[in-house]
Engineer: 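Sending over a structure as structure tokens; questions will come in a sec.
Below, each value reflects all heavy atoms present in this structure, side chains not excepted, and no hydrogens, waters or symmetry copies. Order of the sequence lines fixes the chain letters, A, B, ..., with proteins taken first and strands second; residue numbering starts at 1 for each chain.
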Amino acid sequence: MNETRANETRAVFVLTLFVFGLMSGVVVNRLLDTGPRANPYPSLDKVEEPQPSAQLAGALLSNDPKALAGLMDSDTLTSLRDALMSPMGAPLVDIRNVRFIGATTKSGKTLAGYIINGKDAQGSDAIIGFVLDIEHGQIVGVN
Amino acid sequence: MIRTAIGVVSVGMVLGYLLTQLAVTVVSDQGWFASSGEQPQARAYMVALLQRESENVAALRPQQDIVSQAMAQQAAQQSTQAAKPLSLTYLGGASQGVFSVQIYAVEVRASDGTQQLFPLALTLLGGKVVGTR
């Protein structure tokens with residue numbers, strides 16, 4: 001009887017030590033993790049969503065080619081078409097969501113970033129990021 | 001008894017460390033819980049790119065053939081005098097499934113003294129940069 005109790009106590013003790021070691025390993029791992037690499041360069045200030053790019057996002061979301069055509073010239077439209085390719089290389093044919101993620105500006109040039117979720121021509125879910133280049137209130141480029 | 005205790009704690013620690021590392025790697029590679037926010041791999045890629053660390057850039061890319069690696073090295077060497085990075089701004093990003101898109105704005109001073117601001121959109125898959133635009 002006493003031997004059984006001693007064995008149980010010993011098992012609980014060993015298990016406690018093991019759990020303590022396990023938790024210590026987790027803590028050590030987190031302490032040694034240096035995190036993401038620091039950005040050695042300064043960052044530009046973020047700005048509000050520019051109106052021309054907001055209009056473009058609205059036109060894409062509402063599937064309005066007429067509005068889209070009025071917002072940019074044919075070269076920029078071609079760039080936009082090229083930008084709306086899924087990571088698998090298929091064009092995005094069903095746009096479900098267009099989300100503004102941030103913009104910054106320098107010397108009269110504003111870059112506005114967007115993320116599009118939808119389905120590509122192969123029927124696969126796709127996520128695409130693109131950036132609009134805005135100068136003097138006009139969309140002059142798409143990346 | 002003490003030797004056993006030290007052994008059990010040590011085994012637990014090593015296991016805890018390795019399991020945590022495995023969990024962090026899997027969560028990061030699969031894009032779980034990463035619907036928004038800057039991904040460490042994307043930041044590391046951008047910094048390596050701007051600092052012309054071609055080996056670090058290659059490490060964050062999917063495995064490439066030797067000719068592509070040589071071309072990347074050449075491009076990095078040729079761009080050494082071409083432009084000096086002035087700023088690196090994270091605009092934002094999002095994840096869907098295993099894919100993640102991270103967008104940056106980069107400001108450089110070209111060799112002729114002009115300053116340029118241009119965007120770079122990274123597509124990440126499994127912690128590797130599979131596309132830049």
Engineer: If only atom types and distance count, is the side chain of A/Arg99 paired as donor or acceptor with the main-chain N or O of B/Ala94 below 3.5 Å?
Structural biologist: no

Engineer: Based on non-hydrogen pairs under 4.5 Å, which of B/Val11, B/Val14, B/Leu86, B/Leu19 is most in contact with chain A?
Structural biologist: B/Leu86

Engineer: With a 4.5 angstrom heavy-atom cut-off, could you sort out which part of A/Tyr114 is near chain B: side chain, backbone, both or neither?
Structural biologist: backbone

Engineer: Same cluster or not: A/Leu92 versus A/Leu77, using hydrophobic residues (I, L, V, M, F, W, Y) connected whenever any side-chain heavy atoms lie under 4.5 Å apart?
Structural biologist: yes

Engineer: If I take atom CD from residue B/Glu107 and atom OG from residue A/Ser107, how far apart are they, to the nearest 0.5 angstrom?
Structural biologist: 7.0 Å

Engineer: Taking only heavy atoms into account, what residues of residues 15-31 of chain A are found under 4.5 Å from chain B?
Structural biologist: A/Leu17, A/Phe18, A/Phe20, A/Gly21, A/Leu22, A/Ser24, A/Gly25, A/Val26, A/Val28, A/Asn29, A/Arg30

Engineer: Look at the side-chain heavy atoms of Ile, Leu, Val, Met, Phe, Trp and Tyr, link any pair under 4.5 Å apart, and say whether A/Ile116 and A/Leu61 land in one connected group.
Structural biologist: yes

Engineer: Between B/Glu38 and A/Arg37, does any NZ, NE, NH1 or NH2 come within less than 4.0 Å of an OD or OE carboxylate oxygen?
Structural biologist: no

Engineer: Let me know if B/Gln115 has heavy atoms under 4.5 Å from chain A in its side chain, its backbone, both or neither.
Structural biologist: side chain

Engineer: Check whether more than 12 heavy atoms from other residues, nucleotides or ligands sit under 6.0 Å from atom CG of A/Asn63, and answer yes or no.
Structural biologist: no

Engineer: Is it possible for you to say whether B/Val57 and B/Leu88 belong to one hydrophobic cluster, with membership spreading through side-chain heavy-atom contacts below 4.5 Å?
Structural biologist: yes

Engineer: Sort B/Tyr104 into side chain, backbone, both or neither according to what part of it lies under 4.5 angstrom from a heavy atom of chain A.
Structural biologist: neither

Engineer: Do you know which two heavy atoms are closest between A/Asn143 and B/Pro119, and how far apart they sit?
Structural biologist: CB-CG, 3.6 Å

Engineer: Would you give the length of the straight line joining atom CD1 of A/Ile115 to atom CD of B/Gln102, rounded to the nearest 0.5 angstrom?
Structural biologist: 8.0 Å

Engineer: Between B/Leu15 and B/Val8, is there shared hydrophobic-cluster membership here, with clusters defined by ILVMFWY side-chain heavy atoms closer than 4.5 Å?
Structural biologist: yes

Engineer: Tell me which of these, B/Thr89, B/Leu91, B/Val101, has more heavy-atom pairs under 4.5 Å with chain A than the rest.
Structural biologist: B/Leu91

Engineer: Given the options A/Thr105, A/Leu32, A/Asn117, which has more heavy-atom pairs under 4.5 Å with chain B than any of the others?
Structural biologist: A/Asn117

Engineer: Taking salt bridge (charged side-chain N to carboxylate O under 4.0 Å, His left out) as the cut-off, I'd like each qualifying pair that reaches into residues 111-123 of chain A, sequence neighbours left out, listed once.
Structural biologist: A/Lys119-A/Asp125

Engineer: When rounded to the nearest 0.5 angstrom, what is the spacing between OH in B/Tyr90 and OG1 in A/Thr104?
Structural biologist: 14.0 Å

Engineer: Would you kindly confirm whether A/Tyr41 and B/Leu60 end up in one hydrophobic cluster when ILVMFWY residues are joined by side chain heavy atoms under 4.5 Å apart?
Structural biologist: yes

Engineer: Of the backbone (N, CA, C, O) and the side chain (C-beta and beyond), which part of B/Ala42 lies under 4.5 Å from a heavy atom of chain A, both, or neither?
Structural biologist: neither

Engineer: Just by modelled atom types, is the B/Leu117 backbone N or O under 3.5 Å from a matching donor or acceptor in the A/Lys106 side chain?
Structural biologist: no

Engineer: Residue by residue, scan residues 44-54 of chain A and write down, ordered by number, those that have a heavy-atom distance under 4.5 Å to chain B; if none do, write 'none'.
Structural biologist: A/Leu44, A/Lys46

Engineer: At a heavy-atom distance under 4.5 Å, which candidate from A/Gly113, A/Ala38, A/Ala83 has the highest pair count against chain B?
Structural biologist: A/Ala83

Engineer: Looking at A/Gly129 and B/Arg133, what are the two nearest heavy atoms and their distance?
Structural biologist: O-NH2, 2.9 Å

Engineer: Under 4.5 Å, heavy atom to heavy atom, which residues of residues 130-142 of chain A contact chain B?
Structural biologist: A/Phe130, A/Val131

Engineer: Write down the atom of A/Asn39, the atom of B/Val47, and the distance for their closest heavy-atom approach.
Structural biologist: CA-CG2, 4.3 Å

Engineer: Where do B/Gln51 and A/Pro40 come nearest, in terms of heavy atoms and distance?
Structural biologist: NE2-CG, 3.3 Å

